Amino acid sequence: MFEIQKYNPDSSARTGILHTDHGIIQTPVFMPVGTAGTVKGVQQRDLKHDINAGIILGNTYHLYLRPGMDILRQAEGLHGFMNWDRAILTDSGGYQVFSLSDNRKLTEEGALFRSHIDGSSHKFTPESVVDLQRVIGADIIMAFDECTPYPCDYAYAKSSMDMTHRWLDRGIKRFKQGESMYGHRQQFFPIVQGSVYGDLRRQSAEYIAERDMPGNAIGGLSVGEPAEMMYEMIAVVNDILPDAKPRYLMGVGTPVNILEAIDLGVDMFDCVMPTRNGRNGMLFTADGIINIKNLKWADDFSPIDINTPSDVSSYYSKAYLRHLVMSGEILGAQIASIHNLAFYLWLVNEARGHIEKGDFRSWKEKMVVALAQRL
RNA sequence: GGGGAGAUACCAAAGUGGCCAACUGGGGCAGACUGUAAAUCUGCUGUCGUAUGACUUCGUAGGUUCGAAUCCUGCUCUCCCCA
C-alpha cells in the first residue's frame with residue numbers, strides 16, 4: 001500500500017509512504033543492498049541506529065545457493081535469520097541473469113544457472129522464483145526478468161522484453177495462488193524492460209501498468225548506457241506507470257542519478273555503489289566525491305564529513321580512514337560503508353524535505369553540480 | 001686467523017655476454033566500480049611534460065669485447081661455517 005503525500009509543483013518529484021508489515025517507509029527512499037543476507041561490512045545495529053535504513057535488499061539467487069532454502073525456512077525467513085525486523089525487498093535473480101551471463105542459459109521455461117560457488121546446475125523459473133521468495137519472506141518481492149545488457153540490439157531487446165512479460169504473468173499467477181509463510185504480507189513488483197528503446201519502454205510500461213500490482217519497477221538501466229539515455233527512458237516509463245503506485249528504479253545509482261530520477265517521479269532506489277565503492281575508497285559527500293586513497297588526505301585530520309549524520313562520519317578523520325583503507329584494514333571498509341550509506345539516506349531525506357517545501361527543483365540543480373565534484 | 005657465499009631499482013627477488021630500462025611479488029601513485037561471483041579490477045612506477053625516441057643505471061674503480069647487470073682484476077661492504 002502506498003500513499004502519495006506531496007507533489008513538487010514544478011517537477012514529477014513526490015513524497016509518499018509505503019506501508020509494509022515491517023514498518024512504514026517514507027519515499028523517496030534509498031535501500032541498502034544486502035545481497036547475501038548482509039549489507040557488506042555493516043552490522044544490523046548500525047544499519048538501524050546510525051544509518052536508519054527502513055528497508056534493505058536481499059538476493060534470491062545468492063540466498064538460494066547459500067545458506068539455502070532449508071536453513072531460511074528453519075530461521076523463519078530472512079528477517080529471522082539476520083534478525084532484522086524492518087522491511088526487506090528481494091531481487092529475483094534477474095540481475096544475475098545479466099551479471100552471470102557466462103554461467104547461464106535462457107529458455108522460455110526459465111534460466112539454467114551454473115553456481116558460481118561450486119559449478120552445480122540450477123534452474124530458475126518465474127514460478128520457482130516466487131516460491132523461493134516466499135521462503136525468504138521479503139516484504140517486497142520481484143518478478144523474474146531478464147536484465148538486458150547494453151548495448152543490446154532492437155530485435156533482442158524486443159524478444160527479451162516479450163519473454164519478461166510472459167514470465168511476469170506466470171509469476172503473478174503463482175504469486176496469487178500462494179500465500180506468505182510467516183504471517184506478514186508480501187507485495188509483488190513487476191519490472192519494466194525494453195533496453196534503451198522508447199517504444200519498447202512504452203510498450204513494457206503499459207503492459208506492466210495493466211497488471212495493477214502494488215508497485216512497479218524499472219529494470220535494465222544503469223547497465224552502461226549514457227546517463228541521459230537512462231533519464232530519457234525513465235521519463236517515458238514514468239509517464240505511463242500509475243502515479244498512485246511506488247516506482248522503483250532498480251540498481252541506481254550515483255547521487256546525481258538519484259536526484260535526477262526523483263525529479264522524474266521515481267520513489268525507490270537501491271545500489272551497491274555506497275558499499276562497494278566505499279570499500280574501494282570512494283566517499284560520497286554533499287560537496288562531492290572523495291577518493292580517500294589519494295595522497296592529499298594523508299595528513300588531513302579533519303572529520304570525514306561533518307554534514308552526514310552518522311556517528312562515524314564526524315568521529316573519524318580523513319587521515320585515519322585513509323590509513324585504514326591503504327592498510328587493507330577491515331575497519332576502513334566498515335567506516336566507509338556506514339558513512340556512504342548514511343550519506344545516501346541523508347540525501348534522499350533531504351530531497352524529501354525539499355519536495356515538501358516545494359523547492360526541490362532549485363535545490364536539486366545546485367546539488368547536482370556539487371555532488372559531481374571531485375575533491 | 002682459515003674457508004665459503006653474496007652485493008640488481010623504495011623493499012624482496014629473477015636475470016649470469018646481445019631478445020635488458022631489466023621477469024615477478026610487495027610497497028607507492030592514479031583510475032574504474034550503478035537490482036554485488038568485487039575488502040575487487042586496471043594502468044603507471046630510472047630521468048626527459050608525450051615518445052616506435054633520447055639520456056643515465058645493476059656495490060665501486062678499472063679492464064676484456066663490435067657489444068657487459070652478466071667475463072677478468074683491484075677495492076669496499078654484508079652474510080655463513082671452522083678456529
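Just so it is clear, the model here is predicted, and its values are computed rather than measured. Within every chain, numbering begins at 1; the chains are lettered A, B, ... in the order of the sequence lines, protein sequences first and strands thereafter. Basis for what follows: all heavy atoms, side chains included, without hydrogens, waters or symmetry-related copies.
Residue A/S99 places no side-chain atom within donor-acceptor reach of the base of B/rU36, judged by atom type and a 3.5 Å distance cut-off alone.
B/rA7 is paired with B/rU76 under the Watson-Crick or G-U wobble criterion, all donor-acceptor distances under 3.5 Å. Using N1 to N3 plus N6-O4 or O6-N4 for Watson-Crick, or N1-O2 and O6-N3 for G-U wobble, each under 3.5 Å, B/rA32 pairs with B/rU40. With a cut-off of 3.5 Å on both Watson-Crick or G-U wobble distances, the partner of B/rA54 is given as B/rU47. In this structure B/rG1 sits in a base pair with B/rC82, meeting the Watson-Crick or G-U test at under 3.5 Å. Taking a pair to require two hydrogen-bonding distances under 3.5 Å in either a Watson-Crick or a G-U wobble arrangement, B/rC71 pairs with B/rG63. Across every strand in view, B/rU24 sits in a pair with B/rA12 that passes the Watson-Crick or G-U test at under 3.5 angstrom.
Residue contacts shown for A/S115 are absent, as no nucleic acid heavy atom lies under 4.0 Å away. Residue contacts for A/G220: at a heavy-atom cut-off of 4.0 Å it reaches a base atom on one of the strands shown.
Spacing of P atoms, B/rG27 relative to B/rC75, comes out at 42 Å, to the nearest Å. Distance check on atom P: B/rU60 versus B/rC10 gives 13 Å, rounded to whole Å. Between B/rC58 and B/rC23, the two C1' atoms lie 14 Å apart (nearest whole Å). Taking the P atoms as reference points, B/rC20 lies 15 Å from B/rU52, given to the whole Å. Going from the C1' atom of B/rC71 to that of B/rG15 covers 16 Å, rounded to whole Å. Using atom P as the reference point in both B/rG62 and B/rU45, the two lie 31 Å apart (nearest Å). B/rU65 sits 13 Å from B/rU70 when the C1' atoms are compared, rounded to a whole Å. Straight-line distance between the C1' atoms of B/rG63 and B/rA12: roughly 33 Å, to the nearest whole Å.
Residues A/S362 and A/D359 bring no donor and acceptor atom of their side chains to less than 3.5 Å of each other. In this structure, a donor-acceptor pair under 3.5 Å is present between the side chains of A/E146 and A/S160. A side-chain donor-acceptor contact under 3.5 Å links A/H19 and A/E3. Side-chain contact annotation: A/S310 with A/H339, donor-acceptor N/O pair under 3.5 Å absent. One side chain, A/Q5 or A/R352, offers a donor N or O that lies under 3.5 Å from an acceptor on the other. Side-chain contact annotation: A/D46 with A/Q334, donor-acceptor N/O pair under 3.5 Å absent.
RNA chain B lies under 4.0 Å from at least one heavy atom of each of the following residues of residues 31-69 of chain A: A/V33, A/T35, A/K40, A/L57, A/N59, A/H62. Taken residue by residue, residues 331-349 of chain A places no heavy atom nearer than 4.0 Å to RNA chain B. Near RNA chain B, defined here as any heavy-atom distance below 4.0 Å, the residues from residues 189-206 of chain A are A/I191, A/Q193, listed numerically. Across residues 137-164 of chain A, A/D145, A/C147 each have a non-hydrogen atom less than 4.0 Å from an atom of RNA chain B (numbered order).
In this structure, the CG atom of A/L89 is 9 Å from the C1' atom of B/rG35, given to the nearest Å.
Heavy atoms of other residues, nucleotides or ligands lying less than 6.0 angstrom from OH of A/Y315 number 12 at most.
Relative orientation of the A/Y64 and A/H122 rings is perpendicular, given thresholds of 30° and 60° on the angle between their planes. Ring geometry for A/F360 against A/W363 counts as tilted: the plane angle lies between 30° and 60°, on a 0 to 90° scale.
Of the side-chain N and O atoms in A/Q96, none sit less than 4.0 angstrom from OP1 or OP2 of B/rG35.
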Distance-only criterion, 3.5 Å: show the donor-acceptor pairs between side-chain atoms of residues 23-39 of chain A and protein atoms not counting sequence neighbours.
residue: A/T27; atom: OG1; partner: A/G16; partner atom: N; Å: 3.0
residue: A/T27; atom: OG1; partner: A/G16; partner atom: O; Å: 3.2

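Applying the side-chain hydrogen bond (donor to acceptor under 3.5 Å, both in side chains) test to A/Y248 and every residue at least two apart in sequence or in another chain returns A/D270. A search for side-chain contact (heavy atoms from CB on, under 4.5 Å) contacts involving A/K40 returns A/R279, not counting sequence neighbours. Among residues two or more places apart in sequence or in another chain, the side-chain contact (heavy atoms from CB on, under 4.5 Å) test is passed with A/D162 by A/K158, A/H165, A/R166, A/Q203. Residues satisfying the side-chain contact (heavy atoms from CB on, under 4.5 Å) criterion with A/V196, sequence neighbours excluded, are A/Y150, A/E225, A/M229. Taking A/F2 as the reference, nothing meets the ring-ring contact (aromatic ring centres under 6.0 Å, His included) condition, with sequence neighbours excluded.
A/N340 contributes atom CG, which lies 13.5 Å from atom CH2 of A/W346 (distance to the nearest 0.5 angstrom).
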5' to 3', nucleotides 25-34 of chain B under a 4.0 Å protein heavy-atom cut-off (B base, S sugar-phosphate only, - none) gives ----SSSBBB
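Note on residues 9-38 of chain A: pairs passing salt bridge (Lys or Arg N to Asp or Glu O under 4.0 Å), not counting sequence neighbours, are A/R14-A/D243, A/R14-A/D267, A/D21-A/R185.
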